[in-house]
Each structure stands twice: as C-alpha cells, then as structure tokens.
Number of protein chains: 2
Amino acid sequence: MINCDQWPNSAHTFVSIRDKSDILFYETGINVAKSASKDSPQSIAREVARLILTGVWREGTTLPREIELASRFDVSRASIREALSLLKGKGLIASKQKAGTHVRARFDWNMLDEELLNWTLAALPTQEFAKQITEVRRIVEPEACAICAVRGTDEDFARIERAYRGMDAAGMDRVAYAEPDLQFHRGILIATGNDFLIAFGATVAAALRMSFNLSSTNPGAPRKSLPYHRAVLDEIWARNADGARQAMHKLMDLTEQNIVSAMSRQKK
Amino acid sequence: MINCDQWPNSAHTFVSIRDKSDILFYETGINVAKSASKDSPQSIAREVARLILTGVWREGTTLPREIELASRFDVSRASIREALSLLKGKGLIASKQKAGTHVRARFDWNMLDEELLNWTLAALPTQEFAKQITEVRRIVEPEACAICAVRGTDEDFARIERAYRGMDAAGMDRVAYAEPDLQFHRGILIATGNDFLIAFGATVAAALRMSFNLSSTNPGAPRKSLPYHRAVLDEIWARNADGARQAMHKLMDLTEQNIVSAMSRQKK
DNA sequence: CAAGAATTATTATGTCAGACATATTTCCTC
DNA sequence: GAGGAAATATGTCTGACATAATAATTCTTG
C-alpha cells in the first residue's frame, strides 16, 4: 500500500477544486458517460486520468475491478489493461494482485509528462494550474536561455531564428503563430544540449497551449510578444548569457501578465 | 512516421556513448540474454528501455515484431504488449498498425520520469548524465528553496527539520543517510506547493542515488554536506528567501564538487 | 512499351474471448 | 488470538479475428 499520510495534502493544488469559478472553460470535453462508439485504450486512459485528476477518484482510492471497467467502457479486459498500463507508466496508479488497482499519492504523479499535462489542461484549466506552470517556466526558461547563449551552436541559433521568422510571418493569425512560438522556446531548450531541459519542453508546450486558449478573448495579445522574442534572440546571437537571461525574464513577465488579464476577463 | 530530421541530434548527449571510459560502472546489470526465469512485463520494459537508451535501438528504429519479442523473452504476446504500453506512456516508443513499433525521437522521451531516470542511471551512468542532472538541479532547487522559505508552512519546515535530524542521526552510515537526505530535498519541493516542482523530486531522487553510488569511493563525503543542509534549513526557518537560495546554491556547489572528484577517482 | 493508377494481397498491430495461475485478503476454525 | 482454508482480483497464456498500412499485382493509358 502506498504511504499516503507521510506527507499531508498540500492545501494549494490545482487538482482539488474548491470553487467552480476557478475553472475557465471545458473545451475538448471528454464524454463522461460511455460513448456509443467503442473507446480506444488511449481514450479510456484519458478518461480514467480525468477522473483521477478531478478528484473523483482520490489518492488511495481503489479503482473498480478490471472486469467492471471493461463492461463499463464496453471493451475487453485486455483493452482496459492496456489503458491502465499507460497510467501506470505515468505514476498515476499501481496494481497489486488480488488487492486491486489504486490511485497513487499525488507526489508520485509525473506531472511533467506531456500527455498528463494535456489531460490536466483539458480537465482542470484552473488559475492554480496557470500560476504553477508559469512559476516553473520562470525558473527554468531564463536559465536555459543563458545556457543556450553560451553553449548553443550557430545552427541551433539559426533554427531559433527560423522559428522567430515563422512567428513574424504569421502576423495576427493566432493559429499560425502558435507553432513557431513553441519551436522558438523548444529551440532554446534543445540548444542547451541538456536532455532534462529538453524534456521540459513538454511543460512549455502545455503552457503555450493554455496561453493560446486564453488568447481567444484577446486575439492581438500573442503578436505583442514578438519584439520580446526578438530581444531574446539578439542576446543569444550576441552570446550574452546575462542579457539572454534578462530578456527571457521580460518575456516571461509579459506572458504572465497576459495570462492574468485573460483569466480575470474570463471570470467576469 | 516521426519527423526525426527537423532537429538534428545534439552532439552532446549522454545517450550516445563515444568513449567507454565514460561509463563509470555497470551495477544492477540487467541480463541482456534471456534469463532462465520468465521476465515480468516490468523487467521486459526495463530491458527494452535499456536497449533504446544505450543506442542499440536508435531513434526511428523499428522494433522486432511483438511475436518475435514474445519468443525472444519467452513470454506471451500479452506480456510484451503490456511492457510496450509502459514504454509508450513514457514517450519512448509508438506503434502503428501494420507499420510496427518504432523508437520515437529523443526529444519526445520523458527523461524526467522516475523509472526512466533509474533505468538511465543503471544503464548509462556517464559523466554527461551527471553533468546534466546536476545542471538542472542547480537551476531548480535554489529557486524552489527560495519559494519554500516564503510560502512554506511551519509544518512543512518541521518535516524538513525531521529529515535533517534523520541525516544527523545517521552519522557516518552512508545507507542510513541517503533516505532522510532525499526527504530533505523533497520536503523543500513539496513545501513550494507547486505540483510541477514536486514532480521534479523524481529527478532529485535519481541524482541523489547517483551521488550515493559514487560515494562508495569516499564514504565520508555525504556527512560533510550536513552543515550545508543546516544552513539551508536555518534560512528557511528565518523565512529568508535570498539566504535560502544562496545556501542551497552552496550545497549544490559542494554536491557537484563531490561528484566531479568521485568521477575522476573512478576513472583512474 | 512504359508510366501510373487502381486493385488485391499481405502483414503487424489492435482487439476480443475464455481459461488458468498466483498472490492477498478475508473468513472460518481451533 | 493464531493458524489454515476459501474467495477473489490481478497476472499470464492461448488462439482467434479485425483493422489498417504497406507491398505486390493488375489494369489502364499516353
């Protein structure tokens, strides 16, 4: 049995929603009830993850038996097992023979996993989620940027430059802007040559997706970040670590500002 | 098909070993050849992961067919599928009907996953791995420490204090020292209340395990970090963010120093 | 005749069903 | 309360069929 009481539940986590107004929107809603068409193991995994993330199945909860899940989702037990395997790989659940499958302690969940981030974003796009993901970005990206400026190759820089041009070319088109924006930030992480910072790209991707969703109330916002990206790029080209760090910091400031104002708009 | 050529392989990654002397040791070696006893899906997943991490199966490589893997590991296809599901959950591989299962681009691997970190540590404890994991710790932990000092509750601090006492009580016993050491660092991350920083605990755990392994050549090294931990704790209790950041920075300096010297000793 | 389009065949993963093995829990007995 | 037996949920195996992407073939056409 997982030791859940060693650490108390931290009071401020986005997983437990106290106020419904915390939730910004529910787009890409996954059908809670069984859908008519048979679900694939992936979508079953996503649905089970949603139930865990939203706190319907709390930490330590024993899930329904595999056979029951199978009949509930109208698939074979093999498909259920595949779905559960995926979630085991992300640290969400663990199984023991006879004892059943239970939800692991939240501290064991790998929140930096790409899919888990996306599922969380879809299920619980709360202010807490936004605050926390912005906080880690602030910690990691400026430093990554400084490392990039020192260690990156000219090829790396050229790739980031291409991403920047893509953003510029997108103009006011929010959709076209999003992809090169991600490539820009990812390019910096990749240029560090640090596999762990590179893996952090999944978190950045989720954060940018969130920003993109929020920008629907202010379509002009993304474009305003362009000169800040340019500043970052210039410092990188100059191989100025401190300058790159500061420039990225300013970009993070702007991003946070956009998120905060978008969320206050959404609340109204 | 995964687009592998959009980003070139970064030259400096621990996954591709250029020099055998880079590898420090091979403990907890997983049997490459089929073992006499039947392997569980978990151990099969670990073995497949090892083959991928060590570059035997490179990015884009198509894995042997499931039936072939089943006969090679002497288990049923169902077990193989479960093992592969786990690896899919970590972004290592992806399958497509008829086309087969292939190794995804390294940028999609979730290196911040606990198990993946452990497998990497077991399979490729290279200098690069040590350097990179230390680099992210330097970025994340001092900032987390500063946040902890500001935002943490007295309960959080008490828990960290308990961990410290555990380290103290362990004396020169390396093994007894390791667990409270991890709890100390994890306690700081948990006190931030940031679920993403908490998830970073898996990376810290892997780093500490590596340090522990390396300390076999210098059993007195861990104990020397005790006063540095005390300094961190004092700054936290004082709710001094800057002080806490700096104290953690010094602890990181010492840790890195220990790793570097241990690795140079190992090389000889 | 050759190039290309459309069709068929092949094949590896995806899904299903039923059975048995195994490890815990639970309950019963002493 | 301790020890043993029954119950049960996950773990594993087998064999089969479904499905989709690829490879091979045939057919059409310039």
Side-chain angles (χ1 to χ4, degrees), chain A residues 1-4 34-49 51-52 57 60-104 108 115, chain B residues 1-4 34-49 51-52 57 60-104 108 115:
Chain A
M1 192 56 173
I2 295 291
N3 194 347
C4 292
K34 62 180 79 176
S35 56
S37 64
K38 277 198 179 181
D39 291 324
S40 67
Q42 287 81 0
S43 64
I44 293 170
R46 188 174 42 188
E47 172 61 9
V48 172
L51 290 169
I52 293 172
W57 290 340
T61 305
T62 299
L63 270 62
R65 306 194 308 275
E66 289 178 352
I67 304 171
E68 199 170 319
L69 285 172
S71 79
R72 203 188 283 191
F73 283 102
D74 193 32
V75 292
S76 71
R77 205 180 138 218
S79 293
I80 291 294
R81 281 187 67 79
E82 186 153 341
L84 296 183
S85 286
L86 273 165
L87 299 182
K88 278 177 206 171
K90 301 186 189 304
L92 247 63
I93 56 173
S95 301
K96 236 169 52 178
Q97 213 155 307
K98 159 73 182 176
T101 305
H102 63 92
V103 180
R104 293 180 68 183
D108 295 323
E115 283 175 295
Chain B
M1 191 55 171
I2 295 291
N3 193 349
C4 293
K34 63 179 79 176
S35 56
S37 62
K38 276 197 178 181
D39 291 324
S40 68
Q42 287 82 357
S43 65
I44 292 169
R46 188 174 42 186
E47 172 61 10
V48 172
L51 290 168
I52 294 172
W57 290 341
T61 305
T62 299
L63 270 61
R65 306 196 307 277
E66 290 178 352
I67 304 171
E68 199 170 320
L69 286 172
S71 79
R72 203 187 284 190
F73 283 101
D74 193 32
V75 292
S76 70
R77 206 180 135 218
S79 294
I80 290 295
R81 281 187 68 79
E82 186 154 342
L84 295 184
S85 287
L86 272 165
L87 299 182
K88 279 177 203 168
K90 301 184 189 306
L92 247 64
I93 57 173
S95 302
K96 239 169 47 178
Q97 214 154 304
K98 157 74 181 174
T101 304
H102 63 90
V103 180
R104 293 181 67 184
D108 295 322
E115 284 174 295

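Basis for what follows: all heavy atoms, side chains included, without hydrogens, waters or symmetry-related copies. Chain letters run A, B, ... following the sequence lines, proteins first and then strands; every chain starts at 1.
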Whole angstrom value for the distance that separates [atom2] of [N] from [atom1] of [X]:
X     : N      : atom1 : atom2 : value
B:D74 : D:dT12 : CG    : P     : 13 Å
A:L69 : D:dT10 : CG    : C1'   : 12 Å
A:R65 : D:dT8  : CZ    : P     : 9 Å
B:I80 : C:dT15 : CD1   : P     : 18 Å
A:I67 : C:dA17 : CD1   : P     : 13 Å
A:L84 : D:dT12 : CG    : P     : 14 Å
A:E82 : D:dG11 : CD    : P     : 14 Å
A:E68 : D:dT8  : CD    : P     : 14 Å

Check whether any side-chain N or O of [X] sits under 4.0 Å from OP1 or OP2 of [N], and answer yes or no.
X     : N      : value
B:R81 : C:dG14 : yes
B:S40 : D:dG11 : no
B:S95 : C:dA12 : no
B:S79 : D:dG11 : no

How many angstroms lie between [atom1] in [X] and [atom2] in [Y], if you round to the nearest 0.5 Å?
X     : Y      : atom1 : atom2 : value
A:I52 : A:R104 : CD1   : CZ    : 11.5 Å
B:S79 : B:L69  : OG    : CG    : 12.0 Å
B:L51 : B:W57  : CG    : CH2   : 5.0 Å

Would you say the side chain of B:E82 lies within less than 4.5 Å of the side chain of A:K88, judging by non-hydrogen atoms?
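With C-beta onward as the side chain, the pair touches.
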Can you find a heavy atom in the side chain of A:L63 that is under 4.5 Å from one in the side chain of A:L84?
yes
Nearest to the side chain of B:S76, which nucleotide is it out of D:dT14, C:dG14, D:dA21?
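For B:S76, the side-chain atoms sit closest to D:dT14.
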Selected nucleotide, minimal atom distance to A:K96 side chain, candidates D:dG11, C:dG14, C:dT25:
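Closest nucleotide among those given: C:dT25.
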Counting only distance, no hydrogens or angles, is the base of D:dG15 paired donor-acceptor with the side chain of B:R77 under 3.5 Å?
no
Please compare A:K98 and A:A78 by the position of their nearest nucleotide in DNA chain C and report the one closer to 5'.
A:A78
